[in-house]
Amino acid sequence: MAAEEVTFDQVAKAASGLRDAGEAVTLDAVRAALDADGVQATAGAVYKHLADWRAAHVPAPSAPAAELPPALLAGLADWARQFAHEAGAADREALARAGDDMQSLIDAGDELEAARAELSGQVAAASAERDDMLAQLADRDETIERLTAELSNAKQVAMDALVGKAKDQLAIEGKDAQLADLRAQIERNVTAAAALSDARLAAEMELVGAATARDSLAAELRDVRAQLDVLRNRR
């Protein structure tokens with residue numbers, strides 16, 4: 001028997017009967033119910049009316065509440081804590097390294113400060129020693145000037161005495177003893193002049209040594225100041 005055109009009411013009646021009987025309202029069950037009533041219809045025709053019936057009589061399924069089970073929540077909390085700990089490990093290590101580097105910089109700064117203080121002390125000591133050496137050089141310069149003046153005066157006195165004695169002795173001819181005495185006095189005066197000359201030469205040599213020591217001390221002072229400048233530039 002050919003399938004006839006099924007109506008919405010026929011499909012709705014069959015579907016409602018299945019629902020009221022507590023059976024599942026499926027396409028095959030509705031077709032079976034229609035067939036039991038002597039109504040044969042194609043699956044497409046039944047499905048079209050069944051969809052309309054479901055839209056009007058079957059409520060849309062409600063979405064389940066988005067609630068997580070307590071066990072899952074506890075697991076997520078443990079995972080979050082572990083993740084935060086592991087994620088922060090690199091930052092903690094970087095922070096620890098930064099702290100170590102900062103302490104190293106502080107220690108290096110303290111060492112540089114101690115070295116600067118030591119060099120400052122050396123500069124002060126070298127400056128004091130230089131001032132003392134300059135004072136000694138000034139005293140020796142005064143001594144050399146005094147000895148030079150005394151030597152010049154002694155030479156003048158000796159020359160005056162020699163001239164006077166020569167005049168006196170030349171006025172007395174034939175007196176060999178007086179000539180010998182004059183000769184001895186001349187030798188003594190020459191010896192005294194030579195001694196004064198040697199003293200002046202020794203003083204000049206001592207001045208040269210003092211000047212050399214002063215130049216060496218000045219060079220050392222420049223080296224110490226250069227080292228101090230290097231340390232200051234490093235800071």
Side-chain angles (χ1 to χ4, degrees), residues 1-124 126 221-235:
M1 184 176 190
E4 62 184 44
E5 186 69 25
V6 67
T7 64
F8 173 78
D9 292 336
Q10 290 172 328
V11 173
K13 178 181 178 182
S16 297
L18 291 172
R19 181 194 62 188
D20 294 341
E23 297 179 6
V25 182
T26 64
L27 178 61
D28 291 338
V30 171
R31 289 188 67 191
L34 289 172
D35 185 65
D37 290 338
V39 179
Q40 293 182 352
T42 62
V46 174
Y47 177 77
K48 174 183 176 183
H49 296 306
L50 181 60
D52 292 338
W53 179 85
R54 284 176 175 170
H57 296 84
V58 178
S62 60
E67 296 180 357
L68 296 176
L72 181 58
L73 289 175
L76 287 175
D78 293 339
W79 173 82
R81 285 192 293 268
Q82 181 66 25
F83 177 78
H85 177 75
E86 293 176 356
D91 293 337
R92 289 193 297 273
E93 291 178 0
L95 183 60
R97 288 194 299 271
D100 293 339
D101 293 341
M102 181 62 69
Q103 186 60 44
S104 298
L105 289 175
I106 293 173
D107 294 340
D110 293 340
E111 292 177 359
L112 289 175
E113 184 64 23
R116 185 192 68 79
E118 183 179 357
L119 286 176
S120 297
Q122 294 178 3
V123 169
L221 181 59
R222 286 193 299 272
D223 291 340
V224 171
R225 285 178 174 171
Q227 294 177 10
L228 181 60
D229 292 338
V230 170
L231 289 175
R232 287 175 176 171
N233 292 333
R234 287 180 181 175
R235 288 177 60 87

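Here, residue 1 is the first one in the sequence, and each next residue gets the next number. Scope of the values below: all heavy atoms of this structure, side chains included, with no hydrogens, waters or symmetry mates.
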Heavy atoms of D52 and F8 approach each other most closely as CB-CE1, 3.8 Å
To the nearest 0.5 Å, atom CZ of R31 lies from atom OG1 of T42 at 7.0 Å
Output for pair (R225 CZ, R232 CZ), nearest 0.5 Å, gives 10.0 Å
The reported gap from CG in D35 to CG in D28 (rounded to nearest 0.5 angstrom) is 12.0 Å
Non-hydrogen side-chain atoms of L50 and V25 separated by less than 4.5 Å = yes
All heavy atoms of A24 vs all of A29, minimum pair found to be O-CB, 3.7 Å
In this structure, CG of L18 is separated from OG1 of T26 (nearest 0.5 Å) by 7.5 Å
Tightest non-hydrogen contact, residues H49 and V6, listed as NE2-O, 3.2 Å
Rounding to 0.5 Å, atoms CZ (R116) and CZ (R234) come to a distance of 15.0 Å
To the nearest 0.5 Å, atom CZ of R54 lies from atom CZ of R19 at 12.5 Å
On a heavy-atom basis, the closest approach of A43 and L27 is O-CD1, 3.9 Å
